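Heads up, the thing below is written out as structure tokens.
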Amino acid sequence: MKIETAKVDDPFYYLQNLQTLLGFVTDRYWALFSPEEQQQLTAIDSLTQPAQAVLCRMVMRKGELFRESKLQYPEIADTAAALNELGAKGLVTTCAKVNSEQLASLLTKAELLSFARHTYPELPWPASLSKPKLTEQLQRQIPAEPSFPLVEALHVATGTKEIGVQLLVDALFVRVRLLFFGNLYQDWSEFVTTELGHRQYERVDLTDTPATFDSREVLEAYIEMHQLAEQLEQADDVLTLWPQLPWQAPKHTWLDRRRSKLLFQAGRQAERQQQYAHAIEAYRESRYPEAAVRWCRVSELSESQEQCYQFAEEQLAQASAAIDKLRISRIYQRSARKLKQATPLLFTLARPNTWQLDLPQAPVEQLERSCAAAIGEPDAPCVYVENLLFNGLFGLLFWPAIFAPVRDAFFHPFQAAPADMYSRSFSRKRQSIIDDCFALLEQGQHGDAMHATLKDKQGLANHFIYWEGLSPELLDMALRCIPAPQLELIFRRMLQDLRQHRSGFPDLIQFYPASQTYRLIEIKGPNDRPQDNQRLWLDLFAREGIDASVCNVSWPE
DNA sequence: ACCATTCACCCATCT
DNA sequence: CGGAAGGCAG
DNA sequence: AGATGGGTGAATCTGCCTTCC
Ligand SMILES: [Mn+2]
């Protein structure tokens, strides 16, 4: 299976991309569409080119309401005719009703003012009102639910015969997008940005029919949860959304992960509004790892210290991620102290070496860069790398594993990582390839492999590689100074939990090429302190005898 | 990497 | 008027 | 003074045009 992006010198390049996409999705997932959606898809297929192009333009743009004057394109001769055709096929309508907010986004401030003065002449409408204020005033006149005829409003506001339309296939295309990308954060612009080379992706043999979407219910449930998450952001009272949350667990693991995250977010929101009982309800249902931490915290805030103490102890035993254990243990220790219990030190981190750096003057650029410049010496260069270095080294060495054509891992051409990159089974499903990569490391052949990958794969999107920061010189220096056994240690810890362990690396690395050694430095400004994920890496470095320290920086006023 | 994510920065509270 | 912000396009 | 928890804000292709304050 191959998916090609259209050349941008074709004036209808976007149409071609849409057709590619629709063909792909309808071929594979026709049965997942409702009868109405199937009818819409058939109607789209039967459109003339200009009508299809106008539809496509609207689909790619924000919202579902458009003014005719804003749908003029050089390659489309007669927009009005195209809109008529789309109306006749039931893909757009001119009968849309709008509320004041929708109207405001469609009209300029002057037009909105004119609309207000014509429609409510008895009220004062000073021109000095800002657009948001104006919209707010209008809101008091027009009910919140869309009720004002769009075409009429445009007529009143502009004094012209310009029409406005509502796109009726937005929901359909959300489903198309989800089926194609497997997520809702990517969109059609992927086609043109990769065609232009702004982004490039590795070519992998794609899984033809991924098992993720096996029924319409999965699709619907996902979209439902996505919309709930959006509403949750806005909601100033979470309790109104509470009954709509997905309280029963689906069998589908992909859906359950989405559900767990949603419930976690709902719990956070409830916490912020001091709805602790509700927060606990959400955390109890969520399998999102951090939910256990928040559950303990809410217990501390809203329940008795005894309850909190016992509960934290239980959760501590169950937590698997180091960062969650660390956070729960803090709560546990606190409640133990308050109960005057003996406080068993379950989780102690090695204390990192700390030193002081006095800059001659306040940093002009970013603090980390100033420090790198101050610390570095001609024979001991110091580079600001943060996560980029070790993630980059990881991405280079394990490239064959990351982009292995494992079943269901790749299903469209715009992926910077396999779909299961951060799942528990990532390593297991690629065990032999990963072993091979470690073997290279043990045999000292990793350097050549990584340099080759750096050259061959330059610029191809990879979640672990930030190409702009990973120069051949940096790679060379890193390979020269960091012994393979230490790289292995670091990579093995990363592989334990790629999601958590890909961040928290120290800011700076200083190389000593003459002695083939190096040291890592975490820079901290006057009001900063190491974060939990940073402390966990520092702890590993300390235990393994890797030179890593925290540098507290100060400067004269 | 499921409008996040990761970091620094700022402020508050508890001891 | 200068200039920030957001939408849109390729 | 130090250890905590909590919240914020920046940056994500690049470049143009419109809108708004
Ligand atoms: Mn730092």
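Chain letters run A, B, ... following the sequence lines, proteins first and then strands; every chain starts at 1. In this text, all values refer to a predicted model and were calculated from it rather than measured experimentally.
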(message) Has A/Gln102 got a side-chain atom pairing as donor or acceptor with A/Leu65's backbone, closer than 3.5 angstrom?
(response) no
(message) Looking at A/Glu190 and A/Arg177, is there a salt bridge between them, counting it only when a charged N and a carboxylate O are closer than 4.0 Å?
(response) no
(request) Can you tell me the distance, in whole Å, between the CG atom of A/Asp532 and the C1' atom of D/dA3? (result) 12 Å
(message) Can you tell me if A/Arg268 touches the phosphate of D/dG6, counting only side-chain N or O atoms and a distance under 4.0 Å to OP1 or OP2?
(response) no
(message) Both A/Gln265 and A/Pro418 contact DNA chain B. Taking the nearest nucleotide for each, which residue is further toward the 5' end?
(response) A/Pro418
(request) Output yes when A/Arg294 and A/Glu290 qualify as a salt bridge under the 4.0 Å nitrogen-oxygen rule, no when they do not. (result) no
(message) Does a side-chain N or O of A/Arg259 approach OP1 or OP2 of B/dC2 to a distance below 4.0 Å, or not?
(response) no
(request) Determine: side-chain N/O of A/Arg369 to OP1/OP2 of B/dA8, distance under 4.0 Å, yes or no. (result) no
(request) For A/Gln274 and D/dG5, give me the distance from atom CD to atom C1', rounded to whole Å. (result) 14 Å
(request) May I ask you to decide whether A/Arg430 forms a salt bridge with A/Asp420, counting only side-chain N to carboxylate O separations under 4.0 Å? (result) yes
(request) Take atom P in C/dG6 and the same atom in D/dA10, then report the distance between them in whole Å. (result) 11 Å
(request) Return the value, rounded to whole Å, for the distance between atom CD of A/Glu365 and atom C1' of D/dA10. (result) 17 Å
(message) Please determine whether a side-chain nitrogen of the Lys or Arg among A/Arg327 and A/Asp324 lies less than 4.0 Å from a carboxylate oxygen of the Asp or Glu.
(response) no
(request) Using the P atom as the reference point in each nucleotide, state the distance between D/dG9 and C/dA5 in Å, no decimals. (result) 13 Å
(message) OP1 or OP2 of B/dT15 versus the side-chain N and O atoms of A/Arg334: is any pair under 4.0 Å?
(response) no
(message) How many whole angstroms separate atom CD of A/Gln534 from atom P of D/dT4?
(response) 15 Å
(message) Between C/dA4 and D/dA11, how far apart are the two P atoms, rounded to whole Å?
(response) 13 Å
(message) For a quick check of understanding: with a heavy-atom distance under 4.0 Å over all strands, which category does A/Gln531 fall into, base, sugar-phosphate or nothing?
(response) base
(request) Answer with base, sugar-phosphate or nothing: what part of the nucleic acid does A/Ala419 contact at a heavy-atom distance below 4.0 Å? (result) base
(request) For the side chain of A/Arg199, starting at C-beta, report the closest nucleotide among D/dC13, B/dC2, B/dA8. (result) D/dC13
(message) Using the C1' atom as the point on both nucleotides, what is the distance between B/dA1 and B/dT6, in whole Å?
(response) 13 Å
(message) Check this one for me: any side-chain N or O of A/Lys131 less than 4.0 Å away from OP1 or OP2 of D/dC20?
(response) yes
(message) Quick one, A/His501 and A/Trp537 - any side-chain contact, counting heavy atoms below 4.5 Å?
(response) yes
(request) Go through D/dC21, B/dC2, D/dG6 for me and flag the one nearest to the A/Arg297 side chain. (result) D/dG6
(request) Using a 4.0 Å heavy-atom cut-off across all strands, classify A/Glu522 as base, sugar-phosphate, or nothing. (result) sugar-phosphate
(message) For a quick test of reading the model: is some side-chain N or O of A/Asn527 closer than 4.0 Å to OP1 or OP2 of B/dC9?
(response) no
(message) Between the base of D/dT4 and the side chain of A/Arg529, is there a donor and acceptor pair under 3.5 angstrom?
(response) yes
(message) Measuring only the P atom in each nucleotide, how far is D/dT8 from C/dC8? A whole number of Å is fine.
(response) 28 Å
(message) Is there a side-chain contact between A/Met225 and A/Lys261 in this structure, where contact means two heavy atoms from C-beta onward sitting under 4.5 Å apart?
(response) no
(request) Could you state the atom-to-atom distance from CZ of A/Arg330 to P of D/dG5 in whole Å? (result) 4 Å
(request) Using a cut-off of strictly less than 4.0 Å, decide whether A/Asn533 has a side-chain nitrogen or oxygen near OP1 or OP2 of B/dC7. (result) yes
(message) Does D/dC21 have its OP1 or OP2 closer than 4.0 Å to a side-chain nitrogen or oxygen of A/Lys133?
(response) no
(message) Is the phosphate of B/dA1 approached by A/Gln186 (side-chain N or O, under 4.0 Å from OP1 or OP2)?
(response) no
(request) Compare the minimum distances between each of D/dC21, B/dC2, D/dG7 and the side chain of A/Lys109, then state the nucleotide with the smallest one. (result) D/dC21
(message) Let's go through A/Tyr29 and A/Arg175 carefully: what are the C-alpha distance in whole Å and the side-chain angles of both, what is the deciding distance for side-chain hydrogen bond (donor to acceptor under 3.5 Å, both in side chains) to 0.1 Å, and is it a yes or a no?
(response) CA-CA 10 Å; A/Tyr29 299 114; A/Arg175 282 152 182 79; over 6 Å; no
(request) Select base, sugar-phosphate, or nothing to describe what A/Trp254 touches, counting heavy atoms under 4.0 Å on all strands. (result) base
(request) State whether A/Asp408 and A/Lys429 are salt-bridged, where the test is any N-O pair (Lys NZ or Arg NE/NH1/NH2 against Asp/Glu carboxylate O) under 4.0 Å. (result) no
(request) Searching all strands shown, indicate the nucleotide that pairs with C/dC8 (Watson-Crick or G-U wobble; both distances under 3.5 Å). (result) D/dG15
(request) Using the ring of A/Tyr384 (Phe, Tyr or Trp, six-membered ring only), decide whether A/Arg369 places NZ or CZ under 6.0 Å from its centre and within 45 degrees of its axis. (result) no
(message) From CG of A/Asn391 over to C1' of B/dT5, roughly how many Å is that when rounded to an integer?
(response) 12 Å
(message) Check whether A/Tyr73 forms a cation-pi arrangement with A/Arg57 (NZ or CZ under 6.0 Å from the six-membered ring centre, at most 45° off the ring normal).
(response) yes
(message) Would you say A/Ser503 places a side-chain N or O within less than 4.0 Å of OP1 or OP2 belonging to B/dT6?
(response) yes
(message) Need one value for A/Gly504: base, sugar-phosphate or nothing, where a base atom within 4.0 Å counts as base even if backbone is also close, heavy atoms only.
(response) sugar-phosphate
(request) Taking the six-membered ring for Trp and the full ring for Phe, Tyr or His, determine whether the centres of A/Tyr14 and A/Phe191 are under 6.0 Å apart. (result) no
(message) At less than 4.0 Å, is any side-chain N or O atom of A/Arg327 found next to OP1 or OP2 of D/dG5? Yes or no.
(response) no
(request) Summarise protein proximity over nucleotides 1-10 of chain C in one line of letters, 5' to 3': B for base, S for sugar-phosphate only, - for none, counting protein heavy atoms closer than 4.0 Å. (result) ------SSSB
(request) Kindly write out the residues that satisfy side-chain contact (heavy atoms from CB on, under 4.5 Å) with A/Thr212, not counting sequence neighbours, or none if the list is empty. (result) A/Pro210, A/His252, A/Trp254
(request) Kindly say if A/Arg499 contacts the phosphate of B/dC2, meaning a side-chain N or O under 4.0 Å from OP1 or OP2. (result) yes
(message) Counting the atoms with a prime plus P, OP1 and OP2 as sugar-phosphate, which does A/Glu368 contact under 4.0 Å by heavy atoms, base, sugar-phosphate, or nothing?
(response) sugar-phosphate
(request) Quickly work out the A/Gln273 CD to D/dG6 P distance and round it to whole Å. (result) 15 Å
(request) Both distances under 3.5 Å, Watson-Crick or G-U wobble: on that basis, could you give the dot-bracket string for DNA chain B, with [ ] for crossing pairs and | for other-strand partners? (result) ....|||||||||||
(request) Calculate the interatomic distance between A/Leu538 atom CG and B/dC7 atom P; express it in whole Å. (result) 12 Å
